[in-house]
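These notes are about the structure you will find just below.
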Amino acid sequence: MPPYYLTTPIYYVNDAPHVGTAYTTVNADALARWHRLVGDEVWFMTGTDEHGAKIVEAAEANGTTPQDWTDRTSARFVEAWRRLDIAYDDFIRTTEPRHYAVVQRFLQRIYDNGYIELAPYSGLYCVSCEDYYTEDQLIEGTCPVHGRPVIEMQEDNYFFKLSAFEDRLLEFYDQHPDFVRPVSKRNEALGFIRGGLRDVSITRTSFTWGVPVPWDSGHVFYVWYDALINYLTVAGYGSDDAAFASRWGAAHHLIGKDILKFHCVWWPAMCMAAQIDPPDEIFVHGYLLMGGQKLGKTMIAAGAAGGDGAKALRVTDVSPLALADDFGVDPLRYHLVRDVPLGGDGDFSYEGIVSRYNADLANNLGNLVSRVTTVVQSKCGGVGPACDEGSELAAVAAETLETTAAAWARWAPHEGLEATWRLIGAANARLEAAEPWKMEPGPAVDAVLGDALEVLRIVAVLIGPAMPATAREVWRRIGVPGDPGSARLPDAAAWGGYEGGATVEKGAPLFPRRKA
RNA sequence: GGGGCUGUAGCUCAGUGGUCAGAGCAGAGGACUCAUAAUCCUUGGGUCGUGGGUUCGAUCCCCACCAGCCCUACCA
C-alpha cells in the first residue's frame with residue numbers, strides 16, 4: 001500500500017468555520033476517502049492554528065485567557081467537522097506540547113545551519129497582520145489589509161534568510177514541474193520567487209502567546225512560522241522516524257490560494273534550510289465566490305452587523321452547519337465537491353445548490369433508487385435478483401470506473417462525480433428501454449432489475465468519498481452487506497458483485513425534491 | 001507600477017491550428033407512467049470579449065485594446 005499523506009491547512013481559530021473552510025476540508029476528506037478506496041495507506045490531517053497577537057486580543061475582548069479561548073474555538077472546528085463527516089486521522093492544535101517540541105527542534109536545526117539571524121527591526125506595525133508596513137504601503141495611514149491604524153514599533157527580531165533560497169527554489173521548481181498545481185498557481189509562485197525574496201521576520205517579543213524560541217527566551221515564533229511546521233508534527237518529525245519516513249515522502253498539501261506564498265515559497269525554503277525534502281505536492285484551490293465577492297469571515301461579519309438588508313440576512317445560510325441542516329450533510333458535501341472544479345474560483349449560491357440537488361440527487365440518483373426498489377417489490381417479491389454477467393451495462397460500468405478513477409487521481413473530483421453520474425443515466429435509460437414494470441415476473445425481469453441493482457451497488461462505492469452516508473444507505477436498501485467505505489477498487493466496482501437473494505427495501509425518497 | 005488569470009449557447013463550464021465548436025442545467029416538442037410533476041428520446045446555429053497580425057486556414061499562435069478577478073510579504 002503506497003502511503004498518501006494529505007493535509008488541509010490548519011485553520012486560524014479567530015472565528016467559526018465557514019463555507020470556505022468547509023469547502024477545503026470536505027474536498028480534502030473526499031480525496032482522502034478516495035485514496036483509501038483505491039488502497040492507499042492514507043494519513044489525513046487537519047487542525048487549528050492558535051497562536052498570535054490576534055488570539056490574545058480576541059481572548060481579552062471576550063474576558064478570558066488565550067488558552068481558554070483557543071480551547072473553545074478549536075472545539076467548534078472539531079464539532080463542525082464531526083457534523084460534516086470529516087474522517088481525519090489526526091487533528092492537530094498548534095498549542096499542543098507535541099507541536100512545541102517539533103517547532104523548536106525544527107527551527108533549532110535551521111538556526112544551527114545558519115539560516116536564522118538576529119537583526120533590529122523597526123517600522124509601522126499592524127497588530128492584526130502582526131506585520132510591518134512601509135509608508136507607501138499604507139492606505140491613508142492605515143493597514144492596507146485591515147484598514148486599522150498602524151503603530152510605531154521597534155524590536156530585535158530573528159530573521160529567516162529566505163533571500164538565500166531564491167536560486168535553490170527556482171532550481172527545485174524546475175526539477176519538480178508538478179510541485180505546485182494547477183499550473184496557473186505554479187506560475188504565480190514562480191513569479192513571486194523571481195520577483196525577489198526578502199528575509200522574513202519570524203519572531204516577536206511584544207507578547208508571549210507562541211512557541212518560545214529555544215535559544216533566546218525573550219522571543220516567541222511568529223504564528224505563521226510555527227503553523228507551517230504542523231505538517232511535520234503530524235508526520236512524526238523527530239518523534240516517530242518510521243512514520244515520518246513514510247508520510248513525509250508522500251506529503252500532499254491542499255491549500256487555498258490565499259496562502260500560496262507561505263506554502264509554495266516559504267515552506268519549501270524552510271524545509272531546505274532544515275535539510276529535509278519539501279513536500280511532494282501542493283494543490284492550490286480557488287475561492288468560493290458569492291455575487292463576485294469573496295466569501296469569508298469579513299463578509300459574514302459585515303452581514304451579521306446589518307449592512308444591506310436582504311443580502312446580509314442570507315449570511316446565516318452561508319454557515320456550513322446551517323446548510324447541512326437545510327439540505328443534509330451529503331447534499332452539502334456533494335455540492336462542495338461537484339460544483340466547483342478544484343483549482344479555479346467557483347460561484348456559490350443557494351440557487352446553485354438547489355439546482356444541483358434536484359438534478360443530480362433527487363431526479364437521478366434518488367429517483368433511480370426509488371423506481372428500482374419499487375419494481376423489485378412488485379415483480380420480484382422484494383428480493384433482489386442477481387445481475388446479468390453479460391449485461392450491456394457492464395461495459396458502461398467499466399468505462400465509468402476508469403474515467404472516475406482517472407479524474408479523482410488528478411485532483412478533479414468534480415469530474416469524477418460527473419463521470420459516475422453517467423452510469424446512473426445509463427441505468428435509467430436501460431430501464432426505460434426494457435420497461436420491466438410491464439413484464440411478467442421471470443428471468444427477463446430479473447436480469448434487468450439485477451443489472452439496475454448492480455449499478456446502484458457500484459455507484460454507491462464510487463460516490464462514497466463524496467457522500468459516505470448515502471453510499472451506506474444505498475447498500476443497505478439494496479441488501480448489500482458491509483460498508484462501501486471499506487470497499488477497495490477496482491474489485492469493488494467489477495461487474496457481477498451483486499449476487500442476488502437479498503431483501504430490498506423501498507424506503508422514503510433518499511433526496512426529496514426541493515422547490516426552487 | 002510589476003506579475004498572473006479569466007472573458008465560448010439563457011446559466012455553469014469543456015475543448016481543438018483545419019470535416020457541421022461540445023456537455024450539463026434551464027427552455028421547447030414528443031414518449032412513458034415503475035419512480036421524488038421524476039425518467040427516456042429529439043431539439044443548442046452561439047460575431048468562440050473587441051481590433052489587428054502570422055498562416056493556405058485560427059476560437060485555439062502573436063500584438064494591442066476593453067471588461068472582470070487575483071497576487072505584489074501573513075483571512076480556506
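Every heavy atom of this structure was used, including side-chain atoms; hydrogens, water molecules and symmetry mates were not. All chains are named by letter (A, B, ...) in the order of the sequence lines, taking the proteins before the strands, and each is independently numbered beginning at 1. The model shown is predicted, which means the values in this text are computed figures rather than measured ones.
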**Message:** At 4.0 Å (heavy atoms only), tell me whether Trp421(A) reaches a base, stays on the sugar-phosphate, or touches nothing.
**Reply:** nothing

**Sugar-phosphate only, base, or nothing, as touched by Gly507(A) at under 4.0 Å among non-hydrogen atoms** = nothing

**With sequence neighbours excluded, residues passing side chain to side chain contact (heavy atoms under 4.5 Å, CB included) with Pro331(A)** = Phe327(A), Tyr357(A), Leu361(A), Phe511(A)

**Message:** Going by side chain to side chain contact (heavy atoms under 4.5 Å, CB included), name the residues that satisfy it together with Lys257(A), two or more places apart in sequence or in a different chain.
**Reply:** Lys185(A), Val284(A), Tyr287(A), Asp345(A)

Please report, rounded to the nearest Å, how far the [atom2] atom of [N] is from the [atom1] atom of [X].
X: Glu351(A); N: G10(B); atom1: CD; atom2: C1'; answer: 15 Å
X: Ile255(A); N: C75(B); atom1: CD1; atom2: C1'; answer: 13 Å
X: Ile10(A); N: C75(B); atom1: CD1; atom2: P; answer: 14 Å
X: Ile55(A); N: C75(B); atom1: CD1; atom2: P; answer: 13 Å
X: Arg194(A); N: A73(B); atom1: CZ; atom2: C1'; answer: 19 Å
X: Leu190(A); N: C70(B); atom1: CG; atom2: P; answer: 22 Å
X: Asp49(A); N: C75(B); atom1: CG; atom2: P; answer: 11 Å
X: Glu418(A); N: G22(B); atom1: CD; atom2: C1'; answer: 12 Å

**Request:** Side chain of Arg198(A) only, please: which of C75(B), C5(B), A73(B) is the nearest?
**Result:** A73(B)

**Asked** Looking at C75(B), C5(B), C40(B), which one has an atom nearest to any side-chain atom of Ser184(A)?
**Response** C5(B)

**Item:** Pairs meeting criterion salt bridge (Lys or Arg N to Asp or Glu O under 4.0 Å) with involvement of residues 159-170 of chain A, two or more places apart
**Value:** Glu117(A)-Lys161(A)

**Request:** Sorted by first residue and then second, give each salt bridge (Lys or Arg N to Asp or Glu O under 4.0 Å) pair with at least one member in residues 407-421 of chain A; sequence neighbours left out.
**Result:** Arg410(A)-Glu415(A)

Roughly how many Å apart are [M] and [N], using the [atom1] atom of each and rounding to a whole number?
N: U72(B); M: A9(B); atom1: C1'; value: 37 Å
N: C56(B); M: G51(B); atom1: P; value: 23 Å
N: G7(B); M: U12(B); atom1: C1'; value: 14 Å
N: C40(B); M: U59(B); atom1: P; value: 35 Å
N: A28(B); M: A38(B); atom1: P; value: 12 Å
N: U16(B); M: G10(B); atom1: C1'; value: 25 Å
N: A23(B); M: G44(B); atom1: P; value: 9 Å

**Request:** Take the angle between the ring planes of His285(A) and Tyr23(A) and call it parallel below 30°, perpendicular above 60°, tilted in between.
**Result:** perpendicular

**Message:** Let me check I have this right: for RNA chain B, each base becomes ., (, ), [, ] or |, based on Watson-Crick or G-U pairs with both distances under 3.5 Å. What is the full string?
**Reply:** (((((((..((((....[...)))).(((((.......))))).....(((((..]....))))))))))))....

**Asked** Of Val504(A), Leu453(A), Asn367(A), which is the lone residue that meets side-chain contact (heavy atoms from CB on, under 4.5 Å) with Val372(A)?
**Response** Leu453(A)

**Request:** Return the 5'-most residue of the pair Pro341(A), Gly191(A) with respect to RNA chain B, ranking by each residue's nearest nucleotide.
**Result:** Gly191(A)

**Asked** Can you list the steps and then say if Tyr88(A) with Thr8(A) is a side chain to side chain donor-acceptor pair (under 3.5 Å)?
**Response** CA-CA 10 Å; Tyr88(A) 51 74; Thr8(A) 73; over 6 Å; no

**Complete:** Readout for nucleotides 25-36 of chain B: B = base within 4.0 Å of protein heavy atom, S = sugar-phosphate only, - = neither; 5' to 3' it is S------SSBBB

**Request:** Report yes if the distance between the aromatic ring centroids of Tyr115(A) and Phe165(A) is under 6.0 Å, otherwise no.
**Result:** yes

**Asked** Ring centres of Tyr334(A) and Trp421(A) under 6.0 Å apart?
**Response** yes

**Message:** U72(B), OP1 or OP2 - any side-chain N/O from Lys261(A) closer than 4.0 Å?
**Reply:** yes

**Asked** Stepwise, does the ring pair (Phe, Tyr, Trp, His ring centres under 6.0 Å) test hold for Phe160(A) with Phe221(A)?
**Response** CA-CA 11 Å; Phe160(A) 173 59; Phe221(A) 287 112; over 10 Å; no

**Message:** Counting neighbours of CD on Glu399(A) that are heavy atoms of other residues, nucleotides or ligands and sit closer than 6.0 Å, is the number greater than 12?
**Reply:** yes

